[in-house]
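From a predicted model like this one, the values you see are computed outputs, not experimental measurements. Below, read A as the first sequence line, B as the second, and so on, with proteins coming before strands; counting in each chain starts at 1.
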Amino acid sequence: MISKPKGTLDFLPADAFKRLHIEDKLRRIASLFNYKEIRTPAFEKTELFRRGIGEETDIVSKEMYSFNDNEFTLKPEMTAPVIRAYIENSLYNVSPVQKLYYISNMFRHERPQAGRYREFSQFGAEVIGSGDYAADVDLISLGTSFLSDFGLKNLKIKINNIGNLDERRTYIADLKKYLEDYKNHLSSESHKRLFTNPLRILDSKDGKDIEIVKNAPVIFDYLGPDNKSHFGNVLKGLESMGIQYEIDYKLVRGLDYYTSTTFEIASDDLGAQNAVLGGGRYDMLVQQLGGKATPAIGFACGLERLTLVLEANKYEFPEPGNPKIYLVSAGEEAKKKVIVIANELRMKGIFCETDLLNRSIKAQMKDANRLNAGYVCVIGDDELRSGAVKIKNMAGGDETEIALDNIVNFNFI
RNA sequence: GCGAGUAUAGCUCAGUUGGCAGAGCGUCAGAUUGUGGCUCUGAAUGUCACGGGUUCGAGCCCCGUUACUCGCCCCA
């Protein structure tokens, strides 16, 4: 037997139906906020991700599915492709602010685990062209409102501002200086990070690291007046909308392109991978990818994780529809007639099903019952001869007699 | 890349000290000849993950392999 690749998922009809419902909801809310959908290729030139996400990030250094001699890579995230499309199609000429969203699958070669897959789907949104705090608030409120539209509470919104490049550079230098003194007390992982990515030591889960980090310099103190007031305005904006947040000066994110605002929404209902949604501002990325200096902000939400949270919260997904009528046939002539009537019903938009296995009447009735059909109509030699059929209401069991050729006009409730 | 756990029917899982491979659900058929749901009766479905070893005898004990799951790292 050939099995699916590790870390991928089959969406059987019941799962696919749930996913479709989630997508419908996301699209509806995104359009309320005037975000327009964008679709980009499943793969891009590898160079795009190297330059966009950062050579040193885990994603680029060890998680990409690359092929054709490394020329192309299945997209591991959507921000770089969206920005590429923005620049390539000169969207800044269409309007100064672009509000875009996407629902798409991503590929990262990681060790699979609860809530983490090698092929996974994200709903994401980007506001390109505005550095105003209003853009941050607009985007974050999109994220929180669809989560609350799903009835999810108990979600923690964490927010931070990691400054611009200069501010961060100064901060990292001071952070390193501080941590040097505790070098020998840090966990081995963090010891390594001291050289590779000191910021990440801030959200280490190691108990000792946490103690050490408690008295470390705080990024907020390194922000200039612009970022300080931007941060303040974003927070006030969220407050004014009743969005509860938690400032987390230790919230640093793993992609190189983030600047200024960063945020994350996590759920206690998930396992180790508890971030449902994460994002931030990336004011340097457009320029980095060859466009004009353009501020932007975005987030991505993992749909598999969202689904896990919904299921943990006993979210009630809608039920798929059931056939309005099941046409039961008895005999070869009736079967031919049933095929024709079924087609007429469907052309009229009536959900209709028939037997495809030449089954007995009893078996067809069972099938109709299993499918939860609203009505059943048995057609056999008698009905063909008389031209009259009985339409049986499966809920009550009562039957209505009607002309065979008039089934399509029956008033199905 | 590292660590831990699991592997028995389509699904969820029992399986005693090593002694004929099991249950529930689902599927199929029957219980009035052309009428479902409930009930009853019956049936089909297994390389007990794979390969070795111990033993008169292994689903069970030992070794190895693989797959899956969870965690570390990182991310959604």
Side-chain angles (χ1 to χ4, degrees), chain A residues 1-8 12 14 53-54 56-63 76-79 102-124 143 187-190 192-193 196-197 199-200 203-206 252-255 258 263-267 270-280 298-309 326-331 334 355 357 359-384 389-397 399:
Chain A
M1 195 202 49
I2 299 172
S3 57
K4 63 181 158 53
K6 187 198 282 287
T8 60
L12 303 181
I53 304 173
E56 300 306 317
T57 58
D58 280 24
I59 293 179
V60 172
S61 64
K62 56 187 190 198
E63 296 172 0
E77 60 104 54
M78 267 294 266
T79 300
Y102 57 85
I103 296 174
S104 188
N105 42 354
M106 314 294 159
F107 306 85
R108 294 182 198 171
H109 189 102
E110 294 179 272
R111 230 11 211 282
Q113 150 185 351
R116 190 173 66 196
Y117 307 94
R118 288 184 172 179
E119 181 184 13
F120 60 102
S121 302
Q122 291 185 330
F123 165 74
S187 66
S188 60
E189 274 300 325
S190 289
K192 266 185 269 170
R193 292 191 187 115
T196 56
N197 194 348
L199 278 182
R200 294 229 62 98
D203 64 7
S204 167
K205 286 162 196 159
D206 183 275
V252 291
R253 301 187 50 79
L255 306 183
Y258 286 117
F263 61 98
E264 186 174 292
I265 301 181
S267 166
L270 291 173
Q273 311 306 323
N274 67 348
V276 181
L277 184 154
F299 71 70
C301 167
L303 296 191
E304 288 76 16
R305 288 184 192 175
L306 175 59
T307 306
L308 290 175
V309 176
Y326 190 107
L327 298 177
V328 172
S329 61
D355 169 62
L357 288 172
R359 283 180 280 195
S360 67
I361 288 179
K362 189 188 183 82
Q364 292 184 58
M365 288 299 295
K366 280 191 172 187
D367 197 29
N369 188 66
R370 182 184 15 236
L371 296 175
N372 215 349
Y375 297 86
V376 164
C377 179
V378 178
I379 299 173
D381 292 340
D382 294 352
E383 287 77 10
L384 292 180
V389 297
K390 287 176 184 149
I391 292 184
K392 178 172 185 175
N393 182 329
M394 292 294 274
E399 297 183 311

Using Watson-Crick or G-U wobble pairs with both distances under 3.5 Å, give me RNA chain B in dot-bracket, 5' to 3', with [ ] for crossers and | for pairs to another strand.
(((((((..((((.....[..)))).(((((.......))))).....(((((..]....))))))))))))....

Taking the C1' atom of each, how far is B:rG15 from B:rA58, in whole Å?
14 Å

Just to confirm, is there a sub-4.0 Å distance from OP1 or OP2 of B:rU27 to any side-chain nitrogen or oxygen of A:Arg370?
yes

Of all the heavy-atom pairs spanning A:Glu77 and A:Ile53, show the shortest one and how long it is.
CG-CD1, 3.5 Å

Please report the distance separating the P of B:rC70 from the corresponding atom of B:rG59, rounded so that it comes out in whole Å.
30 Å

Using a 3.5 Å distance criterion without hydrogens, assess whether the side chain of A:Glu304 forms a donor-acceptor pair with backbone atoms of A:Ser121.
yes

Tell me whether the OP1 or OP2 atom of B:rC68 has a side-chain N or O from A:Lys6 closer than 4.0 Å.
yes

Please measure how far the C1' atom in B:rG18 lies from the corresponding atom in B:rC56, and state the result in whole Å.
12 Å

Rounded interatomic separation in angstrom, taking CG from A:Leu308 and C1' from B:rA76
11 Å

Which of the following nucleotides, B:rC28, B:rC74, B:rG36, is nearest to the side chain of A:Asn369?
B:rG36

Have a look at A:Glu264 and say if it touches a base, only the backbone sugar-phosphate, or nothing, with a 4.0 Å heavy-atom cut-off.
nothing

Test your reading of the model: is there a side-chain donor-acceptor pair from A:Gln364 to the backbone of A:Arg359, 3.5 Å cut-off?
yes

d(A:Lys62 NZ, A:His109 NE2) to nearest 0.5 Å is 11.0 Å

Is there a donor and acceptor pair, one atom on the side chain of A:Glu110 and one on the base of B:rA76, closer than 3.5 Å?
yes

Calculate the interatomic distance between A:Arg193 atom CZ and B:rC73 atom P; express it in whole Å.
7 Å

Distance-only donor-acceptor test, A:Gln364 side-chain atoms vs B:rG34 base atoms, 3.5 Å
no

Taking atom C1' in both B:rG51 and B:rC13, compute the distance separating them and give it to the nearest angstrom.
27 Å

Please determine whether a side-chain nitrogen or oxygen atom of A:Gln273 lies at a distance below 4.0 Å from atom OP1 or OP2 of B:rA76.
no

Per atom distances to the A:Ala363 side chain, the nearest of B:rA76, B:rC74, B:rA29 is B:rA29

Using the P atom on both, measure B:rA67 against B:rG57 and round to a whole Å.
32 Å

For A:Ala330 and A:Gln122, find the nucleotide of RNA chain B closest to each by heavy atoms; which residue's nucleotide sits nearer the 5' end?
A:Ala330

What distance, rounded to whole Å, do you find between the two C1' atoms, one in B:rA21 and one in B:rC60?
13 Å

Please classify B:rG26 as syn or anti, treating any glycosidic angle within 90° of 0 as syn.
anti

Nearest 0.5 Å please: distance from the CG atom of A:Leu277 over to the CZ atom of A:Phe123.
8.5 Å

Want to settle it: does A:Asp367 or A:Gly271 sit nearer the 5' end of RNA chain B, counting the closest nucleotide to each?
A:Asp367

Classify A:Leu277 by what it touches in the nucleic acid, base, sugar-phosphate, or nothing, heavy-atom distance under 4.0 Å.
sugar-phosphate

Considering only side-chain heavy atoms of A:Arg359, which listed nucleotide, B:rC28, B:rA76, B:rU35, is closest?
B:rC28

Which atoms form the tightest heavy-atom contact between A:Tyr375 and A:Asn393, and what is the distance?
CD2-CA, 3.7 Å

Rounded to whole Å, the CD-P distance (A:Glu399 to B:rG34) equals 16 Å

Between B:rA4 and B:rU45, how many Å separate the two P atoms, rounded to a whole number?
41 Å

Does the base of B:rG36 carry an N or O that pairs as donor and acceptor with the side chain of A:Lys392 under 3.5 Å?
yes

For A:Ala334 and A:Ile379, work out which heavy atoms get closest and say how close.
CB-O, 3.1 Å

Between B:rU6 and B:rA43, how far apart are the two C1' atoms, rounded to whole Å?
33 Å

Atom-to-atom span, CG of A:Asp382 to C1' of B:rU33 - whole angstrom
12 Å

How does protein reach along nucleotides 1-11 of chain B, written 5' to 3' as B (base within reach of a heavy atom under 4.0 Å), S (only sugar-phosphate), or - (no contact)?
BB---------

Least distance between heavy atoms, A:Val252 atom then A:Leu199 atom:
CG2-O, 3.5 Å

Measure from OH on A:Tyr258 to P on B:rC74 and round the result to the nearest Å.
16 Å

To the nearest angstrom, how far is A:Ile2 atom CD1 from B:rA67 atom P?
15 Å

OH/A:Tyr102 to CD/A:Gln122 distance, rounded to the nearest 0.5 angstrom?
5.0 Å

Nucleotide B:rA76, atom P - distance to CZ of A:Phe299 in whole Å:
12 Å

Per A:Ala272 side chain, nearest of listed nucleotides B:rA76, B:rG34, B:rG71
B:rG71

So A:Val276, base contact, sugar-phosphate only, or nothing? Heavy-atom distance under 4.0 Å.
sugar-phosphate

Minimum heavy-atom distance A:Thr8-A:Lys4, with the two atoms named:
O-NZ, 3.3 Å

Out of B:rC70, B:rA76, B:rC74, minimum distance to the side chain of A:Asp58 belongs to B:rC74

Categorize A:Ala368 for me: base, sugar-phosphate, or nothing, with a 4.0 angstrom heavy-atom threshold over every strand shown.
nothing

Without swapping roles, check the side chain of A:Arg116 against the backbone of A:Arg111 for a donor-acceptor pair under 3.5 Å.
yes

Could you check whether A:Tyr117 gets within reach of a base, just the sugar-phosphate, or nothing at all, counting any heavy atom under 4.0 Å?
base

Give me the atom names and distance for the closest heavy-atom approach of A:Gly115 to A:Gln273.
O-CB, 4.3 Å

Atom CD of A:Gln113 and atom P of B:rC70 are separated, to the nearest Å, by 7 Å

Distance check, rounded to the nearest 0.5 Å: A:Ile59 atom CD1 versus A:Glu110 atom CD?
7.5 Å

